[in-house]
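Reviewing the structure listed below.
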Number of protein chains: 2
Amino acid sequence: MASRSGKKGAGQSERPARLIDVAHRAEVSRATAARVLGGYGFVGGETRERVLAAARELNYSANVVARAMRAGRTQTIGVVVADISNSFFSHATRAIIDTAAKAGYQTLVLNTDDDLAKEIDAVRVLVEKRVDGLIVVPSSPTRYDHLVQEGELAKPLVLLDRRVEELHVPVVCTDDRGGARAAVELFLARGHTRIGLLVATAAARGGPQAPQPDDAVSTVHERVAGALEAIDARRARQPAIRYCRSTIEEAREGALALLTHKTPATAILATNEEMTFGVLAACDELGLAVGKDVSLVSFDDTPWSRAIAPAISVVRRPVYELGHAAASALIREIRGEGRSGEILLPVELIDRRSVAKHAKRAR
Amino acid sequence: MASRSGKKGAGQSERPARLIDVAHRAEVSRATAARVLGGYGFVGGETRERVLAAARELNYSANVVARAMRAGRTQTIGVVVADISNSFFSHATRAIIDTAAKAGYQTLVLNTDDDLAKEIDAVRVLVEKRVDGLIVVPSSPTRYDHLVQEGELAKPLVLLDRRVEELHVPVVCTDDRGGARAAVELFLARGHTRIGLLVATAAARGGPQAPQPDDAVSTVHERVAGALEAIDARRARQPAIRYCRSTIEEAREGALALLTHKTPATAILATNEEMTFGVLAACDELGLAVGKDVSLVSFDDTPWSRAIAPAISVVRRPVYELGHAAASALIREIRGEGRSGEILLPVELIDRRSVAKHAKRAR
DNA sequence: GTGAAAGCGCTAACAG
DNA sequence: CTGTTAGCGCTTTCAC
């Protein structure tokens, strides 16, 4: 006698009902019960009703981990991001969760703080958990051993927002290069010649620095490259660049450096939210008015960037679409419906009030 | 012959190595291999080394789903929030993920958009996935059947940010009542008598409304109640209240209503980020200066609320701590280390520049 | 300190 | 259309 909850009561007994308990109560075999509860195969109408009734009466809840073990699929994906509390990642993740859920997958979220060691650990955990696929925002542009996993447990993988050299898996990115180029072209068109780039990168060490850290992720390269393209096309003066970690404080220092140089920048491209606040703080400190003394374009549109005065001009990235595309690509890959190559989403320069025509600046 | 990867090669064979493959290669039993790989029981030093070496050579990755099935624990928790892309939830979730990870749990995240049907579904999925516990931000203050789950599959559960009447499980909240009270006390102390409350709630239907929707979550009640406490204590004039869904557009309409009333509000408490932007937009439209013509206090501190001009006074909630406390309580419960009651975290009123002394306002 | 064997709950051949 | 049965990979008594 294997049954335990199949007595008479409505399921108040010791342990949760299992498939076999439902089968007994409905007086069918486990296979039949499994077919109706699992939603596959063919079962007669009356039998199906009996099973459904029994399941309801016993308050049956399918044990998905047993199913996963048997089927070899967990219907779970893993998302590895730098920091879910960051607005860019949280919006992209929202899209991923939604898209995955619609396709029957749940989503495990792990943070790396852009630390390779944490990323390696996260991927290991996810692989051990036997997720059906991973979406990773890689913290290193070159290190990817943990993502290919010699041997046979390589899982479907999609990279989000950043490329990894030599790793040929689907990547979903935005056209950051084009966005930076457009921003700088706008500066140039408005007569600015002394352009500053305030670039966030986890690879920066010990305060704002001029040389590009060589382990900066692809997004950093792209944005700088885009800005330089615009400059070179117009044979304009080379920009001043400061790389710093993504904190408002470091950004403020970086912006201060750009703004107090002997040939101070009159226009600054800030590569994310923190950098933008840094510029705002520095301008405030220096008594400089944004949109007048200092022009500013920032990456990523947010409610506040259009609500504040002056409204900030931004390079808008389609963040939800980015996450959606990544999840779609991953699910396609999981289902063996063909691999995507690189997906490049267009960005949009929204010119608001923070970019002024260049005029001699009072110091 | 059960083995398949245990041949000679370094694990390049067809399928991922299993425990038994490692055992064979190390020339020990499955039990012994399991002991060293699972990190329990006693195994001789030399034997342990052999097993570890074999695992490495075969690129062994523990199958955690098999382990979960056997052990009855998945080392996974579920988090059910309204919207992970919302900054409050994303910060709380970040804390939950971190705290859980430190204790060896991974986190599934699901969104409800404050829709009860989605919440019910999310909980069902999570229970089927056999998570070890759940953290839920309940979308209804009264409906909780899906959370208690008649029968035996009730999982350890902690409520985040919102209470549910009659549901006696651990709840982790912030002192929103006290925060609202403090905000209104500040208005009163500065001489304001016509106070407006702009309250976000998913329960609002069809534009800003005056009566409180009766299925508004506890946080809504608390904030309004706190505001009224301050008013009643000073026998001040009753506030004008507008309830609206959490969008900038509805907030703008609500704020417009408050500001263009025949006795317009001179001070507004906005219960979240969207409400705050709505007030900002309305003031802009009406040509009113925040921090001068209109005073404003907002719930939740953010980088922009201190960066914009004027810097917005806010009721700061300890969001990370909130998530951390919820995860800690849940893990304690999962481990049977005793149940927490209600945890109430203190808030802090940060007075910046958006609350002016009352003066006759030019219309 | 190590091994043998039972079984977690489910699915998928295969047989009828 | 329905039943029988053999595992999925791992842990865990219980012996030795």
Side-chain angles (χ1 to χ4, degrees), chain A residues 1-6 14-51 54-55 58 60-75 127-130 132 152-153, chain B residues 1-6 14-51 54-55 58 60-75 127-130 132 152-153:
Chain A
M1 182 68 171
S3 172
R4 351 172 242 223
S5 324
E14 328 76 37
R15 296 179 41 171
R18 302 155 302 167
L19 183 60
I20 195 174
D21 301 318
V22 175
H24 284 159
R25 180 172 251 266
E27 297 180 297
V28 297
S29 71
R30 273 149 73 213
T32 302
R35 281 192 265 261
V36 3
L37 266 10
Y40 61 94
F42 295 84
V43 180
E46 198 264 339
T47 315
R48 134 173 279 107
E49 287 313 319
R50 276 217 317 286
V51 173
L58 294 176
Y60 175 73
S61 164
N63 186 328
V64 172
V65 356
R67 183 178 291 171
M69 165 145 179
R70 181 63 233 250
R73 290 173 292 104
T74 53
Q75 298 297 120
V127 168
E128 289 191 343
K129 277 220 144 95
R130 297 296 189 260
D132 294 337
E152 24 280 316
L153 21 84
Chain B
M1 184 67 170
S3 172
R4 348 173 245 223
S5 325
E14 328 75 37
R15 295 180 42 169
R18 301 155 305 165
L19 182 62
I20 196 174
D21 302 317
V22 176
H24 284 160
R25 180 172 252 267
E27 298 180 296
V28 297
S29 71
R30 273 146 75 211
T32 301
R35 281 193 265 262
V36 2
L37 265 10
Y40 60 92
F42 296 84
V43 180
E46 197 263 340
T47 315
R48 134 172 280 105
E49 287 312 320
R50 275 217 317 285
V51 173
L58 294 176
Y60 174 73
S61 164
N63 185 329
V64 172
V65 354
R67 181 178 291 171
M69 165 148 180
R70 182 61 233 251
R73 290 173 291 103
T74 53
Q75 298 297 121
V127 169
E128 289 190 344
K129 276 218 142 96
R130 296 297 187 263
D132 294 338
E152 26 281 316
L153 19 84

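Here is how names work: the chains are called A, B, and so on, in the same order as the sequence lines, proteins then strands, and each is numbered from 1. Worth knowing before you read on, the calculation uses all heavy atoms, side chains too, and leaves out hydrogens, waters and symmetry mates. Since the structure is predicted, the reported quantities are computational estimates derived from the model, not experimental observations.
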Worksheet item: For B:R48, does the CZ atom have more than 12 heavy-atom neighbours from other residues, nucleotides or ligands under 6.0 Å away?
Response: yes

Worksheet item: Once you round it to whole Å, what is the distance between C1' of D:dG9 and NZ of A:K129?
Response: 16 Å

Worksheet item: Within the side chain of A:R30, is there an N or O that forms a donor-acceptor pair under 3.5 Å with the backbone of A:I20?
Response: no

Fill in: Selected nucleotide, minimal atom distance to A:R70 side chain, candidates D:dT12, C:dT11, C:dG1
C:dT11

Discussion item. Check the phosphate of D:dT2 against A:T47, side-chain N and O only, distance under 4.0 Å to OP1 or OP2. Yes or no?
Written reply: yes

Item to complete: Please state how far atom CZ in A:R30 lies from atom P in C:dA13, giving the value in whole angstrom units.
Response: 16 Å

Worksheet item: Between the base of D:dG9 and the side chain of A:R130, is there any donor-acceptor pair under 3.5 Å?
Response: no

Worksheet item: Has the side chain of B:R35 got a donor or acceptor atom sitting under 3.5 Å from an opposite partner on the base of C:dG3?
Response: yes

Response to the item:
Atom CD1 of B:I20 and atom C1' of C:dA5 are separated, to the nearest Å, by 12 Å

Worksheet item: If we only count heavy atoms from C-beta on, is the B:V51 to B:V43 side-chain gap below 4.5 Å?
Response: no

Practice prompt. Compare side-chain N and O positions of B:R15 against OP1 and OP2 of D:dG9 and report whether any pair is under 4.0 Å apart.
Written response: yes

Item to complete: Note down the inter-axis angle between the two ends of the helix from C:dG1-D:dC16 to C:dG16-D:dC1, five pairs each, to the nearest 10°.
Response: 30°

Fill in: Nearest-angstrom distance from the residue atom CD of A:Q75 to P of C:dT11
12 Å

Practice prompt. Would you tell me if any nitrogen or oxygen in the side chain of A:Y40 comes within less than 4.0 Å of OP1 or OP2 on C:dA13?
Written response: no

Worksheet item: For the side chain of A:K129 and the backbone of A:T74, is there at least one donor-acceptor N/O pair under 3.5 Å apart?
Response: no

Worksheet item: In whole angstroms, how far is the C1' atom of C:dT11 from the CZ atom of A:R18?
Response: 16 Å

Worksheet entry | Audit row: A:T32, A:R35, side-chain contact (heavy atoms from CB on, under 4.5 Å) steps and yes/no | CA-CA 5 Å; A:T32 302; A:R35 281 192 265 261; 4.3 Å; yes

Item to complete: Compare all side-chain heavy atoms of B:R130 with those of A:V64 and state whether any distance is below 4.5 angstrom.
Response: no

Item to complete: Would you mind reporting whether A:R50 and A:V28 have side-chain heavy atoms less than 4.5 Å apart?
Response: yes

Response to the item:
Quick note, B:N63 side chain, CB onward, closest among D:dC10, C:dG9, D:dG7 is D:dC10

Worksheet item: Which listed nucleotide (C:dG3, D:dT4, D:dG9) is nearest to the side chain of B:V28?
Response: C:dG3

Discussion item. Categorize B:V65 for me: base, sugar-phosphate, or nothing, with a 4.0 angstrom heavy-atom threshold over every strand shown.
Written reply: nothing

Worksheet item: B:L19 has an atom CG; how far is it from atom P of D:dT12, in whole Å?
Response: 12 Å

Practice prompt. Give B:A31 one of three labels, base, sugar-phosphate or nothing, depending on what nucleic acid heavy atoms sit under 4.0 Å from its own.
Written response: base

Practice prompt. Please report, rounded to the nearest Å, how far the C1' atom of C:dT11 is from the CE atom of B:M69.
Written response: 11 Å

Fill in: Nearest-angstrom distance from the residue atom CD of A:E128 to P of D:dG9
15 Å

Worksheet item: So, is A:S29 close to the D:dG3 phosphate, meaning a side-chain N or O under 4.0 Å from OP1 or OP2?
Response: yes

Item to complete: Might you point out which heavy atoms bring A:A55 and A:L37 nearest each other, and give the distance in Å?
Response: CB-CD1, 4.2 Å

